[in-house]
Amino acid sequence: MRVHLVNPSDNSFGTAVITPRWLFVLAAATPAAAGDPILVDESLEPIVPETIMSGDIVGISVHTGNALRGYAVGRMARERGAWVIYGGIHATLYTEEVFEHGHAHAVVTGDGDVAWGRVVLDCIAGKPLRVYAGGRIEGSEFLSARWDLIPRHKYMWASVQTIRGCPKHCSFCSVWRTDGQWPRQRQYQRVIDEIIALRRIGFRYVALADDNFYPVTLTDLRLAREQHNLARVEELTAIRRERFQLMEELAKLPKDMVFFTQITMEAGEDGEFLDAMRRANIKGALVGVEAVTPEGLKAVYKDFNYSGEALAKQLQTFKQHGVHVLGSFIFGLPTDKPATFDATVAMALKAEVTFAQFVMMTPFPGTVDFARWEKEQAAHPTMVGDVPVTRYWLIPPEVRPKMFTPHPSMSSDEIRERTQKVWDRFYDWPSIWQRSACTPSLRARIAFMLLSKLYRQMYAGTGISTDSARRKKSKAWARWTAGQCRKLFQANPMPELESPAWELSFGHTARAGSESEMSPFVVIPDGAD
Ligand code: B12
Ligand code: SF4
């Protein structure tokens, strides 16, 4: 009996940008009794069905973008006699769907770190439950990934999570609903130990796979103080202190390490935080700008963001403190007009963001936007074949519409064409050349330009994505450039690198081997979800 963990993707590219962290975390959660799992990332290579034997256990992760492929893998595995288990954000939101379309034996909702060990042992005993509610575990329970299982020379960036959950409530985002609004921080010592393990094997670029790296704003603290809510002030201060502790430790790591994270624009007001980020070698952050007008920001419940001149200034502040911005903008909001496209690219250029992505409004399940759209569609659902458009992920990729929610004044073709023009304008050679001036050498400047073009080629349409989200085949030159870029990201291994001697001792990878090692979590018996 072997355990297989499969990251489904329609498009196998040989090289991927960011490691799918869940694979290596669930590997750590796999009980020792089951041996080391076989990890299959289909964004690198498609799964070979013959590797799956009767009695094997196959864990499949699905997000909305790769659910259909995930279901095909699950059906194939079940036909070959394996136990088929699903998890991930989409399986959490649509547990019944994975049984119907993916022929699941069981599904894990929420966090898998603790639940997966139990699932594997139950499968070995031949009696898996139908649904395992993994819930939202504490930050202290997050497992460290098994980086010893990573295929070498396949990924450009590793990914390490430092915090989960986000206090905001943007209308297009499911994080605050699934992961919760209370930030769950991992102990910084564990984060550092994991990064050291990565640097030892030659990874120096690490994406901090966080929902929001800046969970406590100066405004949150001010408001709590004004309300004389001392308990709240203390809680917030403790979270903030831990962020700084983490960054202090990151700053002590080898100087060639580069981190990238996701953060809200409010950090632009917090020079102390930005300076700590720079010292910690957090060289860049994806900032959700979303819209450049007040109406647009209101439409996505993001009125804590700035617009106009203040927006440009706020984004420039990041750069002044040494943190590059990947600005993320959304098109297709009901408030968008033809003029919005030019205004947005002009703002992206003016704000001097180093990279930018321009994504089309997509109603993701679990979001406020999705719920509103589903309600509107309830009486007369639009169908594509026999699938309602509100289940768009079940529509075969060849006939799946590119946009789902109708816009009040523009057709989806018009929005798409205008969006592509914005990508072309932002990533034209003169603009890239100008932006590349931020690099320290000619070699770095060339690398920057190559990367910018690759980024435009790979992600125009989806935005920076888990590689498993791309459906279109990439052009040969993009594959070649990706191969070259990957080499640029590689570093010489540093096997001699030691972890600091923490006052508390932590294992690198906790392995769930027996019930007693697992925290209690709710299990839902057969048929009761
Ligand atoms: C880091 C991140 C990115 C990074 C890196 C991605 C990568 N290669 O890893 C970048 C910036 C590249 C990115 C891009 C995008 N992302 Co993203 N991303 C995240 C984020 C913040 C963390 C993901 C992560 O690595 N977490 C750490 C791992 C360990 O957690 P996990 O994957 O959730 O896995 C745990 C459980 O889910 C469960 N589990 C997962 N799989 C399985 C399988 C089995 C068998 C079991 C038992 C359990 C299990 O156990 C794991 C351990 O607890 C999540 C938000 C979130 N909190 O999940 C969004 C998130 C996944 N992204 C999302 C989106 C929308 C995108 C983009 C489309 C954004 C865009 N451009 O518009 C792109 C494209 C990707 C896509 N899914 O289509 C959505 C997905 C929504 C959906 N319904 O599918 C999320 C949920 C955020 C949101 N806004 O709602 N993302
Ligand atoms: S989009 Fe970003 S800021 Fe808004 S809720 Fe999601 S994670 Fe938080």
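Just follow the structure's listing: the first ligand is 1, and inside any ligand the first atom is 1.
The residue among Pro215, Cys173, Ser174 with a heavy atom at the shortest distance from atom 6 (Fe) of ligand 2 is Cys173. With distances taken over non-hydrogen atoms, the option nearest atom 35 (C) of ligand 1 out of Gln161, Arg164, Arg21 is Arg164. Which of Pro167, Cys170, Cys166 comes nearest to atom 4 (Fe) of ligand 2 through a heavy atom is settled by distance: it is Cys170. Looking at Val107, Thr92, Ile18 and measuring to atom 5 (C) of ligand 1, the nearest heavy atom belongs to Ile18.
Around atom CD of Glu79, no more than 12 heavy atoms belonging to other residues, nucleotides or ligands sit under 6.0 Å away.
Against a heavy-atom cut-off of under 4.0 Å, Phe172 is close to the following atoms of ligand 2: 1 (S). Less than 4.0 angstrom separates some heavy atom of Cys173 from each of these atoms of ligand 1: 88 (C), 89 (N), 90 (O). Close contacts of ligand 1 with Gly112, meaning ligand atoms under 4.0 Å from a residue heavy atom, involve 38 (C), 50 (O), 51 (C), 52 (C), 53 (O). In summary, the atoms of ligand 2 found under 4.0 Å from a heavy atom of Thr264, numbered by their order in the structure, are 3 (S). With ligand atoms numbered from 1 in the order given, ligand 1 contributes 45 (C) to contacts under 4.0 Å with heavy atoms of Gly59. In summary, the atoms of ligand 1 found under 4.0 Å from a heavy atom of Val108, numbered by their order in the structure, are 47 (C). Residue-ligand proximity, Gly88 to ligand 1, at heavy-atom distances under 4.0 Å covers atoms 37 (O), 39 (N), 40 (C), 41 (N), 42 (C), 49 (C). Atoms of ligand 2 found under 4.0 Å from any heavy atom of Trp176, numbered from 1 in the order shown, are 5 (S). Remark: ligand 1 atoms within the under-4.0 Å shell around heavy atoms of Thr64 are 82 (C), 83 (N), 84 (O). Those atoms of ligand 1 that come under 4.0 Å of a heavy atom in Trp116, given as number and element, are 47 (C). Within the listing of ligand 1, atoms 36 (C), 37 (O), 38 (C) sit less than 4.0 angstrom from a heavy atom of Gly110.
To the nearest 0.5 Å, atom OH of residue Tyr86 and atom OG1 of residue Thr109 are 16.0 Å apart. Here the straight-line distance linking atom CD of Gln357 with atom CZ of Phe329 works out to 9.5 Å at 0.5 Å rounding.
Here the two rings, on Trp393 and Tyr94, have centers that are under 6.0 Å apart. Aromatic rings from Phe172 and Phe364 are positioned such that their centres are separated by 6.0 Å or more.
The closest protein non-hydrogen atom to atom 2 (Fe) of ligand 2 is Lys302 NZ, 4.2 Å.
Between Asp113 and ligand 1, at least one pair of N/O atoms sits closer than 3.5 Å. The shortest N/O to N/O separation between Asp210 and ligand 1 does not fall below 3.5 Å. Polar contact with ligand 1: present for Ser174 (N/O pair, distance under 3.5 Å).
Defined by atom type and a distance below 3.5 Å, a donor-acceptor pair is missing between the side-chain atoms of Ser61 and Asn7. Looking at Gln377 and Thr390, their side chains never bring a donor and an acceptor atom within 3.5 Å of each other.
In this structure, Phe260 and Trp157 have perpendicular ring planes: the angle between them is above 60°, well past the 30° mark. Aromatic ring pairs are classed by plane angle as parallel below 30°, tilted from 30° to 60° and perpendicular above 60°; the pair Phe404 and Trp373 is tilted. Between Trp147 and Phe203, the ring planes are tilted. Angles from 30° to 60° get that label.
In this structure, Thr19 has a heavy atom closer than 4.0 Å to ligand 1. Residue contact annotation: Asp211 has a non-hydrogen atom under 4.0 Å from ligand 2. Residue-ligand proximity: Val119 is placed with every non-hydrogen atom at 4.0 Å or more from ligand 1.
A cation-pi contact links Arg130 to Phe99, judged by a cut-off of 6.0 Å to the six-membered ring centre and 45° from its axis. Both cation-pi conditions hold for Arg243 and Phe213: the charged atom is under 6.0 angstrom from the six-membered ring centre and inside a 45 degree cone around its axis.
Of all the heavy atoms of Thr362, none lies under 4.0 Å from any atom of ligand 1, so neither backbone nor side chain is involved. The parts of Asp111 lying near ligand 1 are both backbone and side chain, judged by heavy-atom distances below 4.0 Å.
At a threshold of 4.0 Å, the pair Asp193-Arg190 does not count as salt-bridged, since none of the basic side-chain nitrogens sits closer than that to a carboxylate oxygen.
Counting only heavy atoms from C-beta outward, the side chains of Val73 and Arg69 approach each other to under 4.5 Å.
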